[in-house]
Amino acid sequence: MSVIRTVCAHDCPDMCSLLAHVEDGRLVRIEGDPDQPFTAGFACAKVNREPELVHSPERVLTPLRRVGAKGDGRFAPVSWDAALDEIVARWTGIVRSDGPLAILGYCYSAHQGQLNRWVPMALFHALGTTRLLPGTVCDTCADVAWDMTLGGVGGADPEAVVDGDLVVAWSADLVTTNVHFWAKVEEARGRGATLIVVDPRRSRTAAQADWHLAPRVGTDAALALGVMHVLAREGLADRDYLARATLGWDRLERDVLPRFTPARVAEITGLAVTDIERFAMTYGRARHSLIRLGTGMSRHRQGGQSIRAVALLPGVTGMYGHRGAGTVFVSAAGMGFDYSAIRTPSGPAETRVVNHSKLGEALLELRDPPIKALFVASNNPAVTCPDSGRVRRGLAREDLFTVVHDPFVSDTARYADLVLPAALYLETEDIYRSYGAYYVQFGPRALPAAGEAWSNVRLAQELARRLGVTDPLFTASTDALVGMLFRNATGPAAAIDVTTIREAGPIKLDPYPDGQRFGTPSGKLEFYSERLAREGLPAMPDWWDERDGERWPLRLLTAPGYFQSHTVFSGNAALRRREGEPVCVLHPDEARVRGLADGDAVELVNDLGRVRMRLSVGDDVGPGVALVPGQRPAAEAIEGTLNALCDDRLSDLGAGATYQSTRLDVRRVGPSLLAP
Ligand SMILES: Nc1nc2c(c(=O)[nH]1)N[C@H]1C(S)=C(S)[C@@H](COP(=O)(O)OP(=O)(O)OC[C@H]3O[C@@H](n4cnc5c(=O)[nH]c(N)nc54)[C@H](O)[C@@H]3O)O[C@H]1N2
Ligand SMILES: Nc1nc2c(c(=O)[nH]1)N[C@H]1C(S)=C(S)[C@@H](COP(=O)(O)OP(=O)(O)OC[C@H]3O[C@@H](n4cnc5c(=O)[nH]c(N)nc54)[C@H](O)[C@@H]3O)O[C@H]1N2
Ligand code: SF4
Ligand SMILES: [Mo]
């Protein structure tokens, strides 16, 4: 038995250091590294069951070629050579007839190693194909809003929460998506800190909080502006700090805050006036407060306003002036990596760009040239992209040559002409940097690859070789690639010695090498953003009524699954069982008026389509909301995948997805409809 210290590559802010116990090439147990202070000796409920994912009987072990109709998921094994020959022949032919823009290739976030995430992207960059603007399905709205407010700096060190007296988990279900920060929050509470959760549903975290505030979905900007209104009125604004370190507070106080009285904010959010006042007073009086910003509140049409308004709050009380206080968010933004060598080695500076959230439209509507070849790695857009029905119609095109690189036959892979077996992270080596804490770590390979699986890096390098792409990174060893990533690093990342990184284990970066600064054009925290004004967008945070689509009575609330993370653990049968069948949660009042009972088969419906799942009646959400936790493959629900109901309109900032602006209704599925 050997114990290998490596890194968890799942898309998760914690980036745990893991101890993989391996016997005869099999993973027998996984354990959180006790010597990495943030991981602190434990893994999460999902990764504790990692042996069942890695050794799942559902793994793809050889390249597969489609033998049935697109979407059927019927394949026959082929050799790697045959598969690669076919890809090269098809792509070369398409480039000859239509040019490189007829190809769309990308790799997304399911492997968080910097090399396995980005070397495939570098290949398509070099080839000059149509490029994907990645991450609009996730966090680009929140990232741009943060950047327009604080600039390109990282948030507070999550480990600093232990020094605080108030933690606000604002749109973040810490127990589920950030469990190692949760452990630190618990430590802080043990020393007397208070935890407030702001979330429209009673999440696992909210259920354990000192206080749960449940505003309506999409009303966070109004709530934050209401809090500022009270802070200003009660003399709790730190006016010295505001004058010294921020821009535009005077204008906000004069032009915006008067409209956000507690009475109006109560109307907008559905919270009681007394609760808004009490929340503001508690926040204003804290000695050392931290807001953990969550991205859930950014995934609607005014998402950018929500993030901006909440991220500005610590400026009002001067918290950004205290080391380790303020907000926990996007740590990686402050690390100083220069990614260009491994992301954009060569190729035209600009080509056609497809927004990740509009993949379906791109596959069906683009002309001159249309997309004729699609390559997808580390992403399952048939389930997780907005308007997934449209994505599936695009994937079903007979004239689209689709290659999917995945450890499992995902819903997307079912539409592929070729499925290529991907190694899971424990079968790869890579360099990691956290996006939710301040660690960098090399993760060695812990296991041999299952069957004939290849890592993302190996596939990209082999395709480059066969296509004659000669940039050095496509022949570079892992160590050489790591060197490229660090070559032009500045700030905290530049302090790392690359020559010893393989053996170094977890390396903690200095979160604030220059004190807590802002990276905006003014060098200040921007209540007023000239950059936004120039783009014709609201220069100051605001909230307005979004009445669109009101003919559907309920608003969708989506939230992460506890035993699932999107579809990445779908191949683990034990976790599938723990998560249970996909459900829609309705408040008892909403169930009653529809004559629905707990456990009924229901249909969620709107103009885009219908999906069917089981109903769960409960008061974790208030009236007016349909909560659906997780994004699940079609085969797990009664019928369909949730995102078939979410349109592909974009958020106000960062061109992000707006799942939570979805309106719909829920109704009973008659027994006759359920019959096959
Ligand atoms: N309704 C709704 N939709 C959402 C969200 C929401 O909150 N609500 N959240 C959005 C968010 S935050 C995100 S990030 C996206 C996530 O969307 P996706 O990126 O589609 O996430 P996964 O379902 O995890 O799919 C990842 C795929 O990569 C495969 N994979 C795992 N490891 C590797 C590897 O090393 N190499 C390769 N080649 N493949 C690998 C997995 O088997 C899986 O099929 O979903 C978005 N969709
Ligand atoms: N177990 C598990 N872990 C995960 C994931 C997963 O799916 N499952 N996904 C991973 C990925 S890709 C990401 S990006 C991160 C995301 O993790 P986070 O950034 O922490 O946030 P989200 O998961 O997007 O949403 C968290 C909470 O936001 C709430 N919320 C939704 N809308 C609103 C709103 O309008 N206002 C407020 N105040 N709250 C709202 C939801 O109810 C939910 O409880 O987590 C990662 N970790
Ligand atoms: S908490 Fe996140 S980083 Fe840690 S083991 Fe679980 S998925 Fe991986
Ligand atoms: Mo995400």
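As the structure is a prediction and not an experimental result, all values here were calculated from the model. Order of listing sets the numbers, starting from 1, for every ligand and every atom in it.
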Q. Where on His566 is there a heavy atom closer than 4.0 Å to ligand 2, on the side chain, on the backbone, on both, or on neither?
A. both
Q) Which option, Gly561, Gly135, Pro560, Ala110, owns the non-hydrogen atom nearest atom 1 (N) of ligand 2? A) Gly561
Q) How far is atom 18 (P) of ligand 2 from its nearest protein heavy atom, and which residue and atom is that? A) Thr295 OG1, 3.7 Å
Q) Can you find an N or O of Asp173 that's nearer than 3.5 Å to an N or O of ligand 2? A) no
(Q) When you measure from the heavy atoms of Gln631 to every atom of ligand 2, does any distance fall below 4.0 Å? (A) no
Q) Will you find, in the side chains of Thr295 and Asp139, an N or O donor that is under 3.5 Å from an N or O acceptor? A) no
(Q) I'd like to know if Asp210 and Arg189 make a salt bridge, using a cut-off of under 4.0 Å between side-chain N and carboxylate O. (A) yes
**Q.** Nearest neighbour in protein (non-hydrogen) for atom 14 (S) of ligand 2
**A.** Cys138 SG, 3.2 Å
Q) Any cation-pi pair here, Arg278 with Trp211, using under 6.0 Å and within 45°? A) yes
(Q) Please determine whether a side-chain nitrogen of the Lys or Arg among Lys508 and Glu159 lies less than 4.0 Å from a carboxylate oxygen of the Asp or Glu. (A) yes
Q | Protein contact to atom 46 (C) of ligand 2 [nearest heavy atom, distance to 0.1 Å] | A | Asp11 O, 3.5 Å
Q. Taking NZ, NE, NH1 and NH2 as the nitrogens, is one of them in Arg59 or Glu427 under 4.0 Å from a carboxylate oxygen of the other?
A. yes
Q: Provide, to 0.1 Å, the distance between atom 29 (C) of ligand 2 and the closest protein heavy atom, together with that atom's residue and name.
A: Asp199 OD2, 3.3 Å
Q) Can Asp220 be said to touch ligand 2, with heavy atoms closer than 4.0 Å? A) yes
(Q) If you define the side chain from C-beta out and look only at heavy atoms, does anything of Val198 sit under 4.5 Å from Ser171? (A) no
Check: residues 559-570 side-chain donor-acceptor pairs under 3.5 Å, at least two apart:
residue	atom	partner	partner atom	Å
His566	ND1	Gln631	OE1	2.5
Thr567	OG1	Asn380	ND2	3.0
Ser570	OG	Thr567	O	2.7

Q | Protein contact to atom 13 (C) of ligand 2 [nearest heavy atom, distance to 0.1 Å] | A | Tyr435 OH, 4.3 Å
Q | Nearest non-hydrogen protein atom, atom 31 (C) of ligand 2 | A | Gln660 NE2, 3.1 Å
Q: Give the residue, atom name and distance (to 0.1 Å) of the protein heavy atom nearest atom 26 (C) of ligand 2.
A: Ser171 O, 3.3 Å
Q: For ligand 2, indicate whether the residue Arg201 contacts it via side chain, backbone, both or neither (heavy-atom separation under 4.0 Å).
A: side chain
Q.
Consider side-chain contact (heavy atoms from CB on, under 4.5 Å). Of Asp157, Leu166, Val328, which one does Leu290 pass it with?
A. Val328
(Q) Could you check, using the six-membered ring where one of them is a Trp, whether Tyr283 and Trp170 have ring centers closer than 6.0 angstrom? (A) no
Q.
Using every non-hydrogen atom in the two residues, find where Cys584 and Leu604 come nearest and quote the distance to one decimal.
A. CB-CD1, 4.0 Å
**Q.** Shortest protein heavy-atom distance from atom 5 (C) of ligand 2, along with the residue and atom involved
**A.** Ser565 OG, 3.1 Å
Q: Classify the ring geometry between His10 and Tyr425 as parallel (under 30°), tilted (30 to 60°) or perpendicular (over 60°).
A: perpendicular
Q) Can the positive tip of Arg264 be found less than 6.0 Å from the middle of the six-membered ring of Phe260, inside 45° of the ring normal? A) yes
**Q.** ligand 2 contact by Arg299, heavy-atom criterion under 4.0 angstrom
**A.** yes
Q | Asp173 and Arg201 ion-paired at < 4.0 Å | A | yes
Q. To which of Leu223, Val217, Val198, Thr177 does the heavy atom nearest atom 20 (O) of ligand 2 belong?
A. Thr177
Q: Have a look around atom 8 (Fe) of ligand 3 and list protein N/O/S atoms under 2.8 Å, or say none.
A: Cys8 SG
Q) In terms of atom number and element, which parts of ligand 3 are under 4.0 angstrom from non-hydrogen atoms of His180? A) 1 (S), 4 (Fe)
Q. Is Asn178 in contact with ligand 2, taking contact as a heavy-atom separation below 4.0 Å?
A. no
(Q) Students often mix this up, so state it plainly: with edges at 30° and 60°, are the rings of Phe42 and His180 parallel, tilted or perpendicular? (A) parallel
Q | Output field: ring centroids Trp118/Tyr339 closer than 6.0 Å | A | no
Q: Take every heavy atom of Gln564, measure it against each atom of ligand 2, and state whether any distance is under 4.0 Å.
A: yes
